[in-house]
Amino acid sequence: MTYLLLAAGLGLLFLGGELLVRGAVGTATRLGVSPMVIGLTLVGFGTSTPELVASLQAALAGAPGIAVGNIVGSNIANILLILGVSGLILPVIVNPAAFRRDGTALALATIAFIVACLGGELGRIAGVVFLVGLLGYTLYSYISDRRTNDAAAQMHAAEAEFVSGQPEVKGMSLPKGLLITATGIAGVMLGADFLVGSAVEIAREFGMSEAVIGLTLVAVGTSLPELVTSVMAAIRRHGDVAFGNVIGSNIFNILGIAGVTALVKPIPIPAEVLVLDLWAMAAATALLLFFSRTGWRIGRRESGIFLAAYLIYLAAQLSPGIRGALGLA
């Protein structure tokens, strides 16, 4: 039954996340919201809804390892796994203007998150600071995009047009959009409940820490909407959408998900996350920024490095020998 609930949770998170984004984009388009605003908020942040609900569920259920592990693991998976797979299908083009603004925001958010975690707990003050930072970033991006209509604005508009141009979204009526959005929210909430409950049971059964389960199983499961969106964008030759989706999602994971979760319930940081995983997230982010800056593209060679690094990271998480050598067993 535990594994059935796990499979059901993953399925509902994936389906609910997809329905939520498509329904919200269809509704916003019908209401006349600009593509730039839709891409900046609903697409980039909307695909992170499964992570938000799962981390909240985990924190409220007394499983802080899963809550923190989900945030950190999702950011690692978004870069190394999702961009790795997308870049192998089609090299990801990086827009310099979008990179300078959104890449800087991601770097600053990552540093702030690590500093906050080093205190041993994400408290309510950190939650408020993160949410204020998210609001400031969103407002600045919105004003900047409207004023200049530069490459960053065009990237966000392309994200919205990619989703709204899909057959099931194009021409969606307002009532249908609202219904699909509500269905997606319900699916995500139920899926997160199933996933967190089954993940806790599996961790106990195999003698693994909740943090490891959060960093691997839960993180990959909640990242499925980003994976599907980015892979489909690569297949349809919209590599810039894949890049914007990952950058926006990672910013929201830190400032939005960690902010909301810490504000609702302070989260103690497991020692193993402080030893390995925060620095793995920092290294993945630094690698992304470095590869993006060199040649303004993430080609197949860089994507192969991403995937190899992710396999090494998973081995470090799941291998008792490696964890023992690192003092994490």
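A quick note: this is a predicted structure, and the numbers were derived from the prediction, not measured.
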Report task. Give a yes or no on this: more than 12 heavy atoms of other residues, nucleotides or ligands lie within 6.0 Å of atom CZ of F290. Result ->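 Not more than 12 within 6.0 Å, no.
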
Report task. Mark yes when over 12 heavy atoms from residues, nucleotides or ligands other than I125 sit less than 6.0 Å from its CD1; otherwise mark no. Result ->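 Incorrect, the count does not exceed 12.
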
Query - Side chains of E226 and S249, donor plus acceptor under 3.5 Å - result: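 Per modelled atom types, E226 and S249 side chains form a pair under 3.5 Å.
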
Report task. Determine whether the side chains of N70 and T222 contain a donor N or O and an acceptor N or O closer than 3.5 Å. Result ->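 A donor-acceptor contact under 3.5 Å links the two side chains.
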
Could you tell me whether a side-chain N or O of [X] sits under 3.5 Å from a main-chain N or O of [Y], the two making a donor and an acceptor?
X    : Y    : answer
W279 : L274 : yes
S230 : I82  : no
R297 : S292 : no
S198 : L195 : yes
T181 : G23  : yes
R300 : L88  : yes
E18  : L15  : no
T261 : A258 : no
R124 : P266 : no

Rounded to the nearest 0.5 Å, how far does [atom2] of [Y] lie from [atom1] of [X]?
X    : Y    : atom1 : atom2 : result
L106 : L289 : CG    : CG    : 6.0 Å
S303 : I89  : OG    : CD1   : 9.5 Å
L108 : T104 : CG    : OG1   : 6.5 Å
F14  : L10  : CZ    : CG    : 11.0 Å
N95  : D102 : CG    : CG    : 9.5 Å
M208 : I202 : CE    : CD1   : 9.5 Å

Just wondering, do [Y] and [X] contact through their side chains at under 4.5 Å, heavy atoms?
X    : Y    : result
T285 : N75  : no
D277 : Q317 : yes
T110 : M281 : yes
N78  : N245 : no
L122 : C117 : yes
I257 : S48  : yes
L6   : L217 : yes
I298 : F306 : yes

Atom of [X], atom of [Y] and distance for their closest heavy-atom approach:
X    : Y    : result
Y313 : L215 : OH-CD2, 3.4 Å
I254 : A109 : CG2-O, 3.5 Å
F113 : F130 : CA-CZ, 3.8 Å
A219 : G73  : CB-C, 3.4 Å
G256 : L131 : O-CD2, 4.0 Å
P270 : P268 : CD-O, 3.5 Å

Query raised in the report: Are V218 and V196 close enough, and set up right, to give a side-chain contact (heavy atoms from CB on, under 4.5 Å), and what steps lead you there?
Result: CA-CA 8 Å; V218 177; V196 170; 5.6 Å; no

Please say yes or no: joined through hydrophobic side-chain contacts below 4.5 Å, possibly via intermediate residues, are [X] and [Y] part of one cluster?
X    : Y    : answer
L4   : I213 : no
V128 : L255 : yes
L134 : I143 : yes
V246 : I235 : yes
M189 : L12  : no

Report task. Take L287 and I79 through the side-chain contact (heavy atoms from CB on, under 4.5 Å) test and state the conclusion after the steps. Result -> CA-CA 9 Å; L287 199 60; I79 295 171; 6.0 Å; no

Query raised in the report: Where does the angle between the aromatic ring planes of F99 and F243 fall among parallel (under 30°), tilted (30 to 60°) and perpendicular (over 60°)?
Result: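 Taking F243 first and then F99, their aromatic rings sit tilted (interplane angle of 30° to 60°).
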
Query - Step-by-step side-chain contact (heavy atoms from CB on, under 4.5 Å) determination, I267 to E121 - result: CA-CA 6 Å; I267 317 167; E121 180 183 75; 5.8 Å; no

Query - side-chain contact (heavy atoms from CB on, under 4.5 Å) evaluation trace for R101 with Y140 - result: CA-CA 10 Å; R101 187 185 72 196; Y140 173 77; 3.6 Å; yes

